[in-house]
Amino acid sequence: MKKDKEILKKVTALKEELAAVSEAHLEACMNKANALLSSLYQQYDFTRTIVHMDMDAFYAAVEMRDNPSLANIPMAVGGEDMLSTSNYIARRYGVRAAMPGFIARKLCADLVIVPTDMAKYSAVSRVIRSVLSQYDPNMTPLSLDEAYMDFTDHLVKRRELDDQSRTFPEFSETMCRCEPEERLGVVSSTEGISSAVGDGVADVPNLNEDNLQNSVATDDTRILPSATNSDTEPSEARIMKDTTVSTDTSQCPRCNMPHNPKRILFDVGVEDAVREMRHRIHLKTRLTASAGIAANCLLAKICSDQNKPNGQYMLPFTVDAVQDFMKDLPVRKVPGVGKVSERQLAAFDVKVCSDFYKHRDVLYFLYSGGMFEYFLSVYLGLGANRLSKNEDGPKSKSVERTFRGMSDPDQLRTLCHELSLELAEDLKSAKNLQGKTVTLKIKLVTFEVKTRSQSLPTATNDGEDIYNVANQLLTTEMKNCSSKPLKLRLMGVRMSNFTTSDSKQQKLKVIRDTNSTPSDKRISFLDKIEAERKSEKVNQSCNEPLGLLAYMSTDKPIGTTSNISNAGRNVSTKLSSVWDESGDVTTRKTGKIIELLEGASNTDPWSLADSTSSSVATIPSDSTVKTATKYGPLDFYRSSKSGALDPWAKDDSSSLGGF
DNA sequence: GCGGATCAC
DNA sequence: TATGGTGATCCGC
Ligand SMILES: Nc1ccn([C@H]2C[C@H](O)[C@@H](COP(=O)(O)OP(=O)(O)OP(=O)(O)O)O2)c(=O)n1
Ligand SMILES: [Mg+2]
C-alpha cells in the first residue's frame with residue numbers, strides 16, 4: 001500500500017535524525033527517562049478492583065441469537081462494502097471488522113453478511129448495562145458492548161449476601177432464566193437446593209477455559225470468600241457436579257417457561273462475582289461476555305482479551321505479577337497503539353512492552369512528552385484506578401456519508417445542505433447542544449482526506465447557519481483546486497467547541513485604553529498580524545499604528561473570502577466575525593464585519609468585494625459591493641508589554657449598539 | 001484555532 | 001465493481 005511507504009519514509013527520516021544525535025545527547029535522554037521511571041514507580045496502587053467486560057463478537061452474536069440458522073456458519077455483520085464485525089467461525093478465515101465485504105468473500109466464499117441493526121444492539125446494550133449496574137452503579141460504558149466497573153465496593157457488600165442471592169439458574173434455552181426478583185416468591189419453592197453446578201453449560205461451549213493457575217489463594221476478599229477463609233479455590237466449589245433436581249414443575253408466570261431446578265451458587269470472591277455477572281448477562285441476553293480483572297483500567301482491559309471468548313482472566317494484584325504480565329505483552333495489545341504505531345515502534349525494535357524500557361533512551365528522543373510517559377507507565381502496568389466521571393457530554397457531533405464519486409458542484413452543495421440539517425437535528429436532540437466550530441470533511445476519490453474548519457464567534461445549532469459555513473468551506477475547496485474536478489467519495493460536517501454554561505456571547509467593544517489587559521488568543525487576525533511581524537523580524541516600537549480596522553456592512557456569511565481594498569492596497573481575508581444590528585455577534589449572513597488592513601489610509605475610499613469578484617482594486621458593480629456601503633476606520637494600536645490590544649470584550653456595558 | 005494523523009469500536 | 005460512521009486525542013504549527 002501507499003500508506004506503508006509513507007510510514008516507512010517517516011521511520012527512515014527519524015532514523016537519520018537519531019543517527020545524527022550525539023551519544024551524550026542520548027545519555028541525557030536515558031537520564032531523563034530514568035528520572036521519570038522512578039517517579040512513576042511510586043504510583044503502584046492495588047487498592048481497587050477494576051473489571052472490564054466486553055461482549056463476544058457483539059453484533060454478530062446478537063444476529064446469531066435471533067437467527068439460529070446463522071449459528072454454525074461463517075457470518076459477518078455489515079454491508080457488501082464494509083463489515084462491522086464477524087463471528088468466530090468467520091474469523092478463522094481471517095474475516096475481520098473494518099474489512100470490505102468483497103475482500104472478506106475472497107477469504108471465505110460462504111460468508112453470510114447480515115445488515116446491521118443498531119437499534120437492536122442498543123436495546124441489548126441497555127439490558128446488559130442493567131446487569132452491570134448492579135455490580136457498580138457508576139459503571140462507565142466505553143461502547144455498546146464494553147464497560148469498566150469498579151468492583152471494590154461490591155466485593156465488600158458481597159460478603160454479607162446470603163447464598164440465595166448468589167444463586168442463579170443454570171442457563172437453558174428452554175427454561176426460565178428470569179432474575180430472582182423477577183421470579184417473585186417462586187424461589188422459595190426451590191429453597192435449600194442451591195447446590196453447586198459446574199461450568200461448561202451445554203448450550204455455551206466454553207471455548208477457552210478460565211486460567212486456573214491464576215487463582216492463587218490469599219486472604220484477600222478479591223479472591224476468597226471471607227466467610228470461610230478457606231484455601232479452596234473458588235471455582236472448585238462449583239466444579240462439583242452434584243446437581244440437584246427439584247420436583248418443582250411450575251412455570252414462571254413471566255416467561256411461561258418451566259423453572260430450572262439446576263442452580264449455580266457463586267461464592268463471594270471476585271472471580272466468582274465476575275463469573276456471576278457474566279452468567280447473568282447470559283441468562284438475560286443469551287449472549288456471552290468476557291472479562292478482565294485487575295488493579296486498574298489499562299490492565300483490566302488487556303486482561304479481558306486474554307480468555308476471549310466467554311472467558312475471564314484475573315491478573316494478581318502484585319508488582320511482580322503485573323511486571324511479569326507486561327514483559328512479553330506485544331505493544332499492539334496496548335490501547336492507543338494501533339497499526340501505525342506498532343510499525344513505527346517495531347522499526348526501533350520495540351515489539352513487546354519490556355522494549356519500552358529497553359529502548360527508553362531512544363523512545364525519549366523520538367516521542368514527545370505525553371506519549372513517552374504513557375509508554376513507560378504502560379511498561380510498569382500503571383493505569384487509572386478510578387473510573388472517570390461520566391463526563392460533560394460529547395465534545396463534537398458529526399454526520400458523514402460515503403458515496404460514489406461526485407463532482408457536480410450543485411450536487412455537492414445539496415449534499416452539504418442535507419448533512420448540515422441532519423447535524424442540526426442531532427444537536428437539537430442531544431440536549432440542544434450549540435457549537436462554535438464547523439468542520440467540513442471531504443475524502444477525494446483517491447482516499448485523500450481533508451478537513452476545513454471555521455470557528456464562529458458565537459455558538460449555533462441552526463441548520464442554515466451550519467450550512468452557510470460548511471458551504472463556504474466547500475466553495476473555497478472547490479475553487480482552490482479548480483484545475484481538477486474535485487471528485488469526492490465522502491463528505492461530512494462536524495460541530496465542536498460546544499458552549500459551556502459560563503460562556504457568554506461576545507459583543508463588539510472598542511477599546512482605546514492602551515493599559516488594558518492583554519488579549520487571549522480569541523482573535524485570529526491579531527495573532528496573524530503578530531506572526532507576520534515576528535516572521536519579518538520587525539521590532540515594532542510601542543504604540544506604533546499597525547494599520548486600520550475597517551468595519552463595514554456585508555451580506556456575506558462568515559467564512560466568505562473577501563477582498564478589502566483601500567489606497568491601492570487590498571487584503572484577501574476570510575470574514576471571521578459578523579455583528580447584527582444590535583452589536584451582537586451573529587452567525588447569520590447580513591451584518592457588519594471588522595477586518596484589519598495594514599497601511600490603509602483613512603482618506604481613501606474602502607471597498608469590500610466578495611471573492612467571486614475578479615477585480616479587487618476597483619469597485620465592481622455587482623450586488624455584493626452595493627451592500628458594502630457602510631464603513632469606518634478604527635485606529636489600532638499595540639501596547640508596550642502586552643502584545644495586541646483586545647478590541648473585543650465579553651458582554652459589557654460599552655458594547656456598541658448599532659453602528 | 002486549524003489540519004493532518006491515529007485510534008477505538 | 002466494490003474500502004463505514006462517530007467520536008476522541010495528539011502533534012506541530
Ligand atoms: N471497526 C469496528 C469495530 C467494531 N465495531 C462494532 C461491531 C462490534 O461487534 C462492536 C464491538 O467491538 P469489539 O471490538 O468488542 O468486537 P466484537 O465484540 O465484535 O468482537 P470481540 O469478541 O473481539 O470483542 O463494535 C464496528 O462497528 N467497527
Ligand atoms: Mg466485544
Side-chain angles (χ1 to χ4, degrees), chain A residues 1 3 6-7 10 54-55 57-59 76-85 96-106 113 115-116 118 121 125 141-147 301 305 332-345 366-374 388 391 393-405 419 422-423 426 430 433 435-443 445-457 473 476-477 489-498 520-528 531 534-535 559 574 576:
Chain A
M1 291 271 273
K3 269 286 174 58
E6 277 181 30
I7 295 170
K10 215 171 271 176
D54 186 326
M55 300 298 292
F58 185 49
Y59 296 179
V77 176
E80 294 298 316
D81 48 354
M82 183 63 63
L83 305 181
S84 282
T85 193
R96 295 280 183 283
M99 179 180 280
F102 72 95
I103 291 184
R105 284 198 197 284
K106 282 184 191 167
I113 298 177
T116 70
M118 289 305 298
Y121 314 141
S125 184
L142 300 183
S143 67
L144 288 183
D145 90 317
E146 205 170 311
K301 183 157 168 66
D305 214 39
R332 187 58 164 84
K333 295 268 187 186
V334 176
V337 176
K339 220 170 84 104
V340 175
S341 301
E342 181 190 25
R343 290 265 179 87
Q344 289 176 356
L345 289 167
L366 290 173
Y367 289 85
S368 246
M371 209 46 175
F372 177 72
E373 181 169 343
Y374 180 65
S388 55
E391 275 303 325
K395 297 183 176 59
S396 75
K397 285 237 148 228
S398 63
V399 179
E400 67 185 55
R401 203 161 294 146
T402 293
F403 41 83
R404 301 239 311 188
L419 294 169
E422 279 178 36
L423 178 58
D426 274 11
L433 283 172
K436 289 206 269 256
T437 303
V438 175
T439 303
L440 177 79
K441 174 178 173 182
I442 58 179
K443 180 151 41 166
V445 282
T446 62
F447 281 80
E448 185 188 359
V449 176
K450 294 183 184 187
T451 62
R452 295 291 177 255
S453 64
Q454 161 107 26
S455 293
L456 304 171
L473 296 166
T476 303
E477 270 323 288
R489 84 181 323 270
L490 170 147
M491 187 187 299
V493 180
R494 174 164 74 246
M495 179 66 81
S496 55
N497 225 338
F498 295 132
D520 55 23
K521 293 191 168 178
R522 267 177 298 147
I523 304 145
S524 58
F525 69 79
L526 294 185
D527 291 338
K528 220 185 301 173
K534 279 179 191 157
S535 69
K574 216 160 66 163
S576 54

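Within every chain, numbering begins at 1; the chains are lettered A, B, ... in the order of the sequence lines, protein sequences first and strands thereafter.
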Review point. According to a strict under-4.0 Å criterion, is A:Ser455 in side-chain N/O contact with OP1 or OP2 of B:dC2?
Key: yes

Check your understanding: If you look at every strand shown and take non-hydrogen atoms under 4.0 Å, does A:Arg452 touch a base, only sugar-phosphate, or nothing?
Key -> sugar-phosphate

**Study point:** Whole angstrom value for the distance that separates C1' of B:dG4 from CZ of A:Phe447
**Key:** 18 Å

Check your understanding: How many Å lie between CD on A:Glu80 and C1' on C:dA2, as a whole number?
Key -> 9 Å

Point to revise | Set of salt bridge (charged side-chain N to carboxylate O under 4.0 Å, His left out) partners for A:Lys333, sequence neighbours left out | key: A:Asp305

Exercise for review: Ignoring the backbone of A:Lys301, work out which of C:dG4, B:dC2, B:dA8 is nearest its side chain.
Suggested key: B:dA8

Review point. A:Pro100 side chain: which of B:dG4, B:dA8, C:dT3 is closest?
Key: C:dT3

Point to revise | A:Ser396 side chain to A:Ser496 side chain, donor-acceptor N/O pair below 3.5 angstrom | key: no

**Study point:** Under the ring-ring contact (aromatic ring centres under 6.0 Å, His included) test, residues paired with A:Tyr374 that sit two or more places apart
**Key:** none

Review point. If you check the A:Thr451 side chain, which of B:dG4, B:dG1, C:dG4 turns out closest?
Key: B:dG4

Check your understanding: Which letter, B, S or -, goes with each nucleotide of nucleotides 6-13 of chain C from 5' to 3', with contact meaning a protein heavy atom under 4.0 Å?
Key -> BSSS-SS-

Check your understanding: Separation of A:Lys339 atom NZ from B:dC7 atom P, in whole Å?
Key -> 10 Å

Check your understanding: Quick one: A:Leu345 CG to B:dT6 P, roughly how many Å, whole number?
Key -> 13 Å

Review point. Can you check the A:Phe403 CZ to C:dG4 P distance for me, whole Å?
Key: 12 Å

**Study point:** Contacts of type salt bridge (charged side-chain N to carboxylate O under 4.0 Å, His left out), residue A:Asp81, not counting sequence neighbours
**Key:** none

Exercise for review: Among C:dT3, C:dG5, B:dC9, find the nucleotide with the atom closest to the side chain of A:Met82.
Suggested key: C:dT3

Point to revise | Distance test, side-chain N/O of A:Ser453 to OP1/OP2 of B:dC2, below 4.0 Å | key: yes

**Study point:** Atom-to-atom span, CG of A:Asp305 to P of B:dA8 - whole angstrom
**Key:** 12 Å

Point to revise | Interatomic distance where NZ belongs to A:Lys443 and C1' belongs to B:dA5 [whole Å] | key: 13 Å

Practice item. Please state the P separation for the pair C:dT3 and B:dA8 - nearest whole angstrom. Key: 24 Å

**Study point:** Results of salt bridge (charged side-chain N to carboxylate O under 4.0 Å, His left out) for A:Lys395 - residues two or more places apart only
**Key:** A:Glu391

Practice item. May I ask you to verify if any side-chain N or O of A:Ser341 is less than 4.0 angstrom from the OP1 or OP2 atom of B:dC7? Key: yes

Review point. Hey, does A:Val77 reach any base, or is it just sugar-phosphate, or nothing, if we go heavy atoms under 4.0 Å?
Key: nothing

Practice item. To the nearest Å, give me how far apart OH (A:Tyr121) and P (C:dG4) are. Key: 18 Å

Exercise for review: Tell me whether the OP1 or OP2 atom of C:dG5 has a side-chain N or O from A:Thr402 closer than 4.0 Å.
Suggested key: yes

Point to revise | All side-chain hydrogen bond (donor to acceptor under 3.5 Å, both in side chains) counterparts of A:Ser368, not counting sequence neighbours | key: none

Review point. Which part of the nucleic acid, if any, lies within reach of A:Ala98 when heavy atoms closer than 4.0 Å are counted: base, sugar-phosphate only, or nothing?
Key: base

**Study point:** salt bridge (charged side-chain N to carboxylate O under 4.0 Å, His left out) between A:Lys441 and A:Glu400, worked out
**Key:** CA-CA 8 Å; A:Lys441 174 178 173 182; A:Glu400 67 185 55; 3.3 Å; yes

Point to revise | Pair A:Tyr367 + A:Phe372: ring centers closer than 6.0 Å | key: no

